[in-house]
Structures are given as structure tokens and as C-alpha cells.
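As C-alpha cells, the structure follows; a few thoughts come after it.
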Amino acid sequence: MFPPLPDKKYDILYTDPPWDYKGQLQHTGKGGPQSGGAARHYATVTLAGLKQLQVASIAAENALLFMWATNPHLDQAIELGKAWAFKWATVAFVWDKMQTNPGYYTMSQCELCLVFKRGRIPQPRGARNIRQLVSSPRQLHSMKPLEVRENIAAMFPTQKRIELFARDTVAGWEAWGNEVPPAIVPLAYAPRGIVAK
């Protein structure tokens, strides 16, 4: 389903796994239109399938893994980080999407980007004043705020960085996944399931 992982080691790994929702659909609110489920936008992967990826093989001895976790998958995200040979560290970013979705318990508005550690925090460090809270309007399905990737690069400007399950290419980052556009120059965001021309 995915191309082979690179034969390199990275200090910073950034990922938005294609979490499996078992066909669950999403809605924009009471009486609102259906926005579909993740499976209608891209191929989802079960936790067991994600664990099979040998991500540990591309992580440096001292590395950080930044992982997006939708709220229903928080426990699975922590389990996945550990399966990839990282230790749970903390919540790196809280994304305030600036609008709400209905939820079973409270109105859903935030998504978390977790951080896991392998060995020590990579050195040298860059910016040390990056805030955890990112307020950015929700865009296309599954699109994450570009500010988060930029913040990670500011925190670790000299380290080797890769984005897993990437949908675009950005200077300073290597990209891996089955939807990376075949281009040399950075492209605008290409949603999962849509091939960039």
C-alpha cells in the first residue's frame, strides 16, 4: 500500500496517520450536510497495519516523532508511537480549529499533535519560544495548519526532517507516502486522494 521507507535516518519525524474510523461518517452539525468520513477522502489504515511500518528503522538514535491524533484515536496514537520505538513525551501542539463539530460528549473543536522521544532531544536546538496553542481555521478535510510544520522547523532548523504520509513537498523536509506529488519544487496543499497535476 505504501512505498518503501527511505534508507536514511532522521532526527525529526512528523506524521498525520490515516486513522481508520471503520466507515464512520462526519457531519457539519444538526441539519447540516454530511462531510463524509476519512475513508471517502483517502485510504485509511488500521492500528495493526500502521504498527507494521518499520518507522524505527529511519529514526536517528536521538529523534522526535510529532504525531497528529484525532481525539477518538488518542489511545491508539500513544500505542503507535511506542510500537515505533519512541517514548511518550507530551502534547506538542493543540490546534484550535476555530469552529465546532458535534460530538458525543462535547462540541469538538481541537485536535492534538503529540510528541514522542527516542534517546535525547536532538541538538542543537533552535527556537525555544514556540507556543503550544495554534489557532487556525479548519480547511480541507484532514489538512493540518502549515504553522505547525513551520514551528517544528524553527525548533529544529538544522536537523534532518521527514514528513510521513505527506501530501505535499516543502523545502527543508523530505516527504514519504503514497500521495506525495511527483515534483521538485514545493506545491500547494494536495488533499489525500487527489493527485497533484
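Note: hydrogens, waters and symmetry copies are ignored here, and every other heavy atom, side chains too, is used.
Between Pro18 and Phe2, the closest heavy-atom pair is CG-CZ, 4.5 Å. Closest approach of Ile152 to Tyr14, counting heavy atoms only: CD1-CD1, 3.6 Å. When all heavy atoms of Pro3 and Gly177 are compared, the pair lying nearest together is CG-O, 3.6 Å.
Under the 4.5 Å side-chain criterion, counting only non-hydrogen atoms from C-beta, Trp88 is in contact with Leu114. Within the 4.5 Å cutoff, no side-chain heavy atoms of Asp11 are placed close to those of Asn62. Counting only heavy atoms from C-beta outward, the side chains of Glu111 and Lys97 approach each other to under 4.5 Å. Side-chain contact check for Leu164 versus Val55: some heavy-atom pair is nearer than 4.5 Å. Counting heavy atoms from C-beta on, the side chains of Trp19 and Gln76 come closer than 4.5 Å. Proximity of Leu47 to Pro17: side-chain heavy atoms (C-beta onward) are nowhere separated by under 4.5 Å. Annotation: side chain of Pro122 is in contact with side chain of Leu64 (closest heavy-atom distance under 4.5 Å). Thr15 is listed as a side-chain neighbour of Leu65, based on a closest heavy-atom distance under 4.5 Å.
The backbone N or O of Cys110 lies less than 3.5 Å from a partner atom in the side chain of Asn71, making a donor-acceptor pair. In this structure, Gln109 contributes its side chain and Met107 its backbone to no donor-acceptor pair below 3.5 Å. For Lys9 (side chain) and Ser57 (main-chain N/O), a donor-acceptor pair under 3.5 Å exists by modelled atom type. Using modelled atom types, no side-chain atom of Asp96 and backbone atom of Ser135 make a donor-acceptor pair closer than 3.5 Å. Between the side chain of Arg138 and the backbone N or O of Gln99, no donor-acceptor pair lies under 3.5 Å. Proximity of a side-chain donor or acceptor of Gln159 to a complementary backbone N or O of Pro124 within less than 3.5 Å is detected. Side-chain N or O atoms of Gln123 include one that pairs as donor or acceptor with a backbone N or O of Ile121 at under 3.5 Å. Looking at Trp95, its side chain does come within 3.5 Å of a backbone N or O of Ser136 through a donor-acceptor pair. Formation of a donor-acceptor pair under 3.5 Å by the Arg118 side chain with backbone atoms of Ala56 is found in this model. Judged by distance alone, the side chain of Trp173 and the main-chain N or O of Lys160 form no donor-acceptor pair under 3.5 Å.
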Val115 and Val91: side-chain contact (heavy atoms from CB on, under 4.5 Å), yes or no, with the steps?
CA-CA 6 Å; Val115 64; Val91 174; over 6 Å; no
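Distance CD/Glu163 to CD1/Ile12: 13.0 Å, rounded to 0.5 Å. In this structure, Leu50 CG and Leu80 CG are separated by 5.5 Å, a value rounded to the nearest 0.5 Å. Of the inter-residue distances, the one linking Tyr10 atom OH with Ile162 atom CD1 reads 4.0 Å to the nearest 0.5 angstrom.
The side-chain hydrogen bond (donor to acceptor under 3.5 Å, both in side chains) check on Lys8 picks up Glu174, with sequence neighbours excluded.
Salt bridge annotation for Arg149-Asp168: present, with a cationic side-chain nitrogen under 4.0 angstrom from a carboxylate oxygen.
For Trp176 and Phe165, the ring centers sit closer than 6.0 Å to each other.
The one candidate from Glu79, Met67, Gln54 that meets the side chain to side chain contact (heavy atoms under 4.5 Å, CB included) condition with Trp84 is Met67.
There is no path of hydrophobic side-chain contacts, each under 4.5 Å, that joins Met98 to Val148.
Using cut-offs of 30° and 60° on the angle between ring planes, the pair Phe93 and Phe66 is tilted.
Taking the centre and axis of the six-membered ring of Trp68, the NZ or CZ atom of Lys144 falls inside the cone set by 45° and 6.0 Å.
The environment of CG in Asp75 is crowded: more than 12 heavy-atom neighbours from other residues, nucleotides or ligands sit within 6.0 Å.
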